[in-house]
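In what follows, a single structure is set out as structure tokens and then discussed.
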Amino acid sequence: QVQLGESGGGLVQAGGSLKLDCAGSGRTFGNYAMGWFRQAPGKEREFVATISRSAATDYADSVKGRFTISRDNAKNTVYLQMNKLKPEDTAVYYCAARDSALKSSISQRYDYWGQGTQVTVSS
């Protein structure tokens with residue numbers, strides 16, 4: 001089992017950048033594939049980015065070229081670097097882990113979730 005906690009959210013202007021951190025517990029953190037998801041008011045939770053145990057990555061089309069997911073297993077941490085932010089990126093961002101080495105864009109395949117961190121982008 002792993003416990004997750006996100007940080008780094010905040011308020012930024014359109015075109016700005018933020019970097020989110022997700023800190024995990026346990027010495028086996030590096031065995032889990034990880035994902036970032038987000039949920040805006042009145043909308044379903046949606047996929048943002050995922051990274052496998054071996055650091056292969058996938059991104060939602062809406063963030064491709066602007067966001068970068070990465071991991072540092074020695075620090076038990078996964079990151080989401082967000083650049084060129086848009087008002088439509090405003091959401092609560094969630095970090096998730098799954099009991100698999102394989103990345104996935106499907107939220108139902110994730111086993112552990114953080115509490116979320118708010119990202120607000122002003123126009």
Side-chain angles (χ1 to χ4, degrees):
Q1 190 171 44
V2 63
Q3 295 181 9
L4 305 173
E6 304 97 332
S7 63
L11 174 64
V12 297
Q13 293 187 100
S17 297
L18 280 176
K19 188 173 185 179
L20 306 183
D21 297 351
C22 175
S25 65
R27 64 183 180 90
T28 60
F29 176 85
N31 291 336
Y32 297 93
M34 304 292 296
W36 286 97
F37 295 79
R38 66 188 183 188
Q39 188 166 21
K43 298 185 68 177
E44 297 290 324
R45 185 173 298 184
E46 66 177 358
F47 167 72
V48 176
T50 183
I51 186 165
S52 73
R53 184 175 68 183
S54 62
T57 59
D58 279 329
Y59 299 91
D61 288 342
S62 60
V63 308
K64 195 171 298 180
R66 299 188 297 122
F67 291 11
T68 303
I69 188 172
S70 61
R71 67 191 301 159
D72 187 337
N73 294 334
K75 297 180 179 178
N76 281 191
T77 303
V78 64
Y79 306 95
L80 185 68
Q81 176 67 51
M82 305 184 294
N83 299 323
K84 300 180 179 179
L85 283 160
K86 305 174 180 180
E88 51 263 45
D89 294 319
T90 295
V92 177
Y93 283 71
Y94 297 91
C95 176
R98 60 184 304 235
D99 286 321
S100 173
L102 304 180
K103 57 186 171 63
S104 177
S105 63
I106 301 172
S107 62
Q108 292 91 331
R109 293 182 177 176
Y110 287 81
D111 302 291
Y112 312 103
W113 293 82
Q115 81 290 339
T117 186
Q118 177 71 48
V119 172
T120 303
V121 184
S122 62
S123 58

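Sequence positions, counted from 1, serve as the residue numbers for this chain.
- A single hydrophobic cluster is not seen to contain both Val92 and Val63; linkage of ILVMFWY side chains at heavy-atom distances under 4.5 Å, directly or through other members, places them apart.
- The distance from the CD atom of Glu6 to the OH atom of Tyr94 is 8.5 Å, given to the nearest 0.5 Å.
- Enclosure of atom CD in Gln115 by more than 12 non-hydrogen atoms of other residues, nucleotides or ligands within 6.0 angstrom is indicated.
- Considering every non-hydrogen atom in both Gln39 and Lys43, the closest pair reads NE2-O, 3.2 Å.
- Each disulfide bond (SG atoms under 2.5 Å apart) pair with one or both residues in residues 26-94, not counting sequence neighbours, would appear here, but there are none.
- Pairing each heavy atom of Ser100 with each of Leu102, the nearest pair is OG-N, 3.0 Å.
- Shown here are the salt bridge (Lys or Arg N to Asp or Glu O under 4.0 Å) partners of Asp111, two or more places apart in sequence or in another chain: there are none.
- By the 4.5 Å side-chain criterion applied to Ile, Leu, Val, Met, Phe, Trp and Tyr, Ile106 is assigned to no cluster and stands alone.
- Inter-residue side-chain proximity for Ser104 and Arg98 is flagged as met; some heavy-atom pair is nearer than 4.5 Å.
- To the nearest 0.5 Å, the span separating CD1 on Ile51 from CH2 on Trp36 amounts to 12.0 Å.
- Of the possible donor and acceptor atoms, none in the side chain of Thr57 sits under 3.5 Å from a partner among the backbone N and O of Thr50.
- Hydrophobic clustering of Ile, Leu, Val, Met, Phe, Trp and Tyr side chains at less than 4.5 Å, counting indirect connections, unites Leu4 with Val78.
- By the 4.5 Å heavy-atom criterion applied to side chains, Trp113 and Arg45 are counted as neighbours.
- With sequence neighbours excluded, the residues forming a salt bridge (Lys or Arg N to Asp or Glu O under 4.0 Å) with Asp89 are Arg38, Arg66, listed by chain and number.
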Throw together a table of side-chain donor-acceptor distances under 3.5 angstrom for residues 116-123, partners on residues two or more places apart or in other chains.
from, atom 1, to, atom 2, distance (Å)
Thr117, OG1, Gly9, N, 3.2
Gln118, NE2, Ala91, O, 3.4
Gln118, NE2, Thr120, OG1, 3.3
Ser122, OG, Val12, O, 3.4

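- For the ring-ring contact (aromatic ring centres under 6.0 Å, His included) condition, the pairs that include at least one residue of residues 46-72, sequence neighbours left out, are Phe37-Phe47.
- Applying the disulfide bond (SG atoms under 2.5 Å apart) test to pairs two or more places apart or on separate chains, those with a residue in residues 35-123 are Cys22-Cys95.
- Ser70 is linked by a side-chain hydrogen bond (donor to acceptor under 3.5 Å, both in side chains) to nothing, counting only residues two or more places apart in sequence or in another chain.
- Applying the salt bridge (Lys or Arg N to Asp or Glu O under 4.0 Å) rule to Lys64 yields the partners Asp61; only residues at least two apart in sequence or on another chain are considered.
- Val48 and Leu18 fall within the same hydrophobic cluster, where Ile, Leu, Val, Met, Phe, Trp and Tyr residues are linked whenever their side-chain heavy atoms come under 4.5 Å apart, directly or through other members.
- Listed by chain and number, the residues in a side-chain hydrogen bond (donor to acceptor under 3.5 Å, both in side chains) with Asp72 amount to none (sequence neighbours excluded).
- Listed by chain and residue number, Asn73 satisfy the side-chain hydrogen bond (donor to acceptor under 3.5 Å, both in side chains) test with Arg71 (two or more places apart in sequence, or in another chain).
- Residues meeting the side chain to side chain contact (heavy atoms under 4.5 Å, CB included) test with Gln81, sequence neighbours left out: Ser17, Lys19, Thr68, Asn83.
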